[in-house]
Trainee: 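Below: one structure in structure tokens.
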Amino acid sequence: EWLDKFSNVPFEDFNGTRQARYYQQLAVSNAVEAIANNQQRILLTLATGTGKTFIAFQIAWKLFKSRWTLQRDSKRQPRILFLADRNILANQAFLDFGAFNDDALVRIKPGDVARQGEVPKNGSIFFTIFQSFMSGDKDEPYFGQYEPDFFDMVIIDECHRGGANDESSWREILNHFSDAVHLGLTATPKRDVNADTYEYFGKPVFVYSLKEGIQDGFLTPF
């Protein structure tokens, strides 16, 4: 049922200016199929420069337009958290999701939270960095002000850089929102230094390598 609903939502082409490449379509399709099959931890591995944020946007777009949530009752649009480890990445993702209405997008910044005295909750797609979410009082970092079931999906950008690491304090964020679907994005193939990423998310639902990108003409050799 949900796979049909996702399939009925066309890819957003930004008024004809951005067509999804074939591998981006496959990545999105495999990810939403995993969601339709109630998979909680999903990993996409694509080489740098192949448009992982664009893929994440299209996944969010399909979930949003089909009104998918963890409850799967279609009563509301999903609430999605986009987590990065650098402000430049969070800011870029915020811009890349520009096809959503302005009131749906929320950029969470510690300064704004401190001024307002609470975290923003009006919105659908929230963007922040790990470090901001770990800010706040020691007894209650900012992420703790959200109910554990507030977000239906958490997208972790460059997830090999700490998000899935058992030793990382950032893991507290993922544990807090453990009921949500966690979608990890990484450009790093499996190897010893990021084995914990694969242990946490499981086998990638889609892989697109640097070599494939070069062969297809989308990337260039160093």
Trainee: Going by heavy atoms in the side chains, are T186 and K52 under 4.5 Å from each other?
Mentor: no
Trainee: What is the distance from atom CG of L185 to atom CG of D157, rounded to the nearest 0.5 Å?
Mentor: 5.5 Å
Trainee: Under the side-chain contact (heavy atoms from CB on, under 4.5 Å) criterion, do S132 and F127 qualify, and how do the steps go?
Mentor: CA-CA 10 Å; S132 293; F127 301 82; over 6 Å; no
Trainee: Determine, stepwise, if the pair R76 / T69 fulfils side-chain contact (heavy atoms from CB on, under 4.5 Å).
Mentor: CA-CA 7 Å; R76 62 171 174 84; T69 62; 3.7 Å; yes
Trainee: Under a 3.5 Å distance rule, please check whether D179 uses its side chain to pair with a backbone N or O of D149 as donor and acceptor.
Mentor: no
Trainee: State the NZ-OG1 distance between K203 and T45, to the nearest 0.5 angstrom.
Mentor: 11.5 Å
Trainee: Is atom NZ of K109 surrounded by more than 12 heavy atoms (other residues, nucleotides or ligands) closer than 6.0 Å?
Mentor: no
Trainee: Quick one: does any side-chain atom of D13 pair with a main-chain N or O of Q19 as donor and acceptor, under 3.5 Å?
Mentor: no
Trainee: Is it true that D196 and R171 have a side-chain N and a carboxylate O under 4.0 angstrom from each other?
Mentor: no
Trainee: Test your reading of the model: is there a side-chain donor-acceptor pair from Q145 to the backbone of E118, 3.5 Å cut-off?
Mentor: no
Trainee: Is the number of heavy atoms from other residues, nucleotides or ligands within 6.0 Å of CG (N38) greater than 12?
Mentor: yes
Trainee: Tell me whether H182 contacts the main-chain N or O of F177 through its side chain, where contact means a donor paired with an acceptor under 3.5 Å.
Mentor: yes
Trainee: Do L26 and L44 sit in one hydrophobic cluster, given that two such residues count as connected whenever their side-chain heavy atoms are within less than 4.5 Å of each other, even indirectly?
Mentor: yes
Trainee: Hey, could you give me the CE/CD distance between M134 and E172, rounded to the nearest 0.5 Å?
Mentor: 4.0 Å
Trainee: Can you see which heavy atom on A84 is nearest to which on L89, and at what distance?
Mentor: CB-CB, 3.9 Å
Trainee: Whether K62 engages the ring of F11 as a cation-pi pair (distance to the six-membered ring centre under 6.0 angstrom, angle to the ring normal within 45°) should be assessed.
Mentor: yes
Trainee: Are Y200 and L43 linked, directly or through intermediate hydrophobic residues, by side-chain heavy-atom contacts shorter than 4.5 Å (ILVMFWY only)?
Mentor: yes
Trainee: If hydrophobic clusters are built by linking Ile, Leu, Val, Met, Phe, Trp and Tyr wherever their side-chain heavy atoms come under 4.5 Å apart, do F54 and F94 end up in the same one?
Mentor: yes
Trainee: Closest approach of A47 and S209, non-hydrogen atoms and distance?
Mentor: CB-C, 3.8 Å
Trainee: Below 6.0 angstrom between ring centroids: does that apply to F151 and F143?
Mentor: no
Trainee: I'd like to know if the side chain of T128 and the backbone of I108 have a donor-acceptor N/O pair within less than 3.5 Å.
Mentor: yes
Trainee: Apply the ring-ring contact (aromatic ring centres under 6.0 Å, His included) test between F133 and each candidate in F82, Y146, Y142; give the one that qualifies.
Mentor: Y146
Trainee: Rounded to the nearest 0.5 Å, how far apart are CD1 of I88 and CD1 of I129?
Mentor: 12.0 Å
Trainee: Hydrophobic clustering (ILVMFWY, side-chain heavy atoms < 4.5 Å, transitive) - are L70 and L83 grouped together?
Mentor: no
Trainee: Using 30° and 60° as the class limits, which term best fits the ring planes of F218 and Y208: parallel, tilted or perpendicular?
Mentor: tilted
Trainee: Does atom CG of L95 have more than 12 heavy-atom neighbours, drawn from other residues, nucleotides or ligands, at distances under 6.0 Å?
Mentor: yes
Trainee: Establish, yes or no, whether a centroid distance under 6.0 Å links the rings of F14 and F57.
Mentor: yes
Trainee: Determine whether the aromatic ring centres of residues F97 and F64 are separated by less than 6.0 angstrom.
Mentor: no
Trainee: Hey, quick one: are I59 and W68 part of the same hydrophobic cluster, counting side-chain heavy atoms closer than 4.5 Å, chains of contacts allowed?
Mentor: yes
Trainee: Looking at every heavy atom in both T48 and L219, which two are closest together, and how far apart are they?
Mentor: O-CD2, 3.7 Å
Trainee: Could you go through V28 and W61, starting from their C-alpha distance and side-chain angles, then the distance that decides it, and tell me whether this counts as side-chain contact (heavy atoms from CB on, under 4.5 Å)?
Mentor: CA-CA 10 Å; V28 172; W61 186 259; over 6 Å; no
Trainee: Evaluate side-chain contact (heavy atoms from CB on, under 4.5 Å) for L63 paired with F6, printing each intermediate quantity in order.
Mentor: CA-CA 7 Å; L63 300 185; F6 296 150; 3.5 Å; yes
Trainee: With no hydrogens and no angle check, is any side-chain donor or acceptor of D73 less than 3.5 Å from a backbone partner on K75?
Mentor: yes
Trainee: If every non-hydrogen atom of F100 is compared with every non-hydrogen atom of L105, which pair is closest and at what distance?
Mentor: CB-CD2, 3.8 Å
Trainee: Taking atom CG of N175 as the centre, report whether more than 12 heavy atoms of other residues, nucleotides or ligands fall under 6.0 Å from it.
Mentor: yes
Trainee: Any luck finding a side-chain donor-acceptor pair between Q92 and D96 under 3.5 Å?
Mentor: yes
Trainee: Looking only at atom types and distance, does a side-chain atom of E12 sit under 3.5 Å from a main-chain N or O of Q58, one as donor and one as acceptor?
Mentor: no
Trainee: If you round to the nearest 0.5 Å, how far is CD1 of I42 from CD1 of I35?
Mentor: 4.5 Å
Trainee: Distance only, no hydrogens: is a donor on one side chain within 3.5 Å (strictly under) of an acceptor on the other, for D216 and Y23?
Mentor: no
Trainee: Minimum heavy-atom separation for D152 and Q71, please, with both atom names.
Mentor: OD1-OE1, 4.0 Å
Trainee: With rounding to the nearest 0.5 angstrom, report the CG to CG distance, L81 to L174.
Mentor: 9.0 Å
Trainee: I need the minimum non-hydrogen distance between L183 and M153, along with the two atoms involved.
Mentor: CB-CE, 4.3 Å
Trainee: Check this for me: K121, atom NZ, are more than 12 non-hydrogen atoms of other residues, nucleotides or ligands nearer than 6.0 Å?
Mentor: yes
Trainee: Please check this pair: side chain of R115 against backbone of V113, looking for a donor-acceptor N/O pair closer than 3.5 Å.
Mentor: no
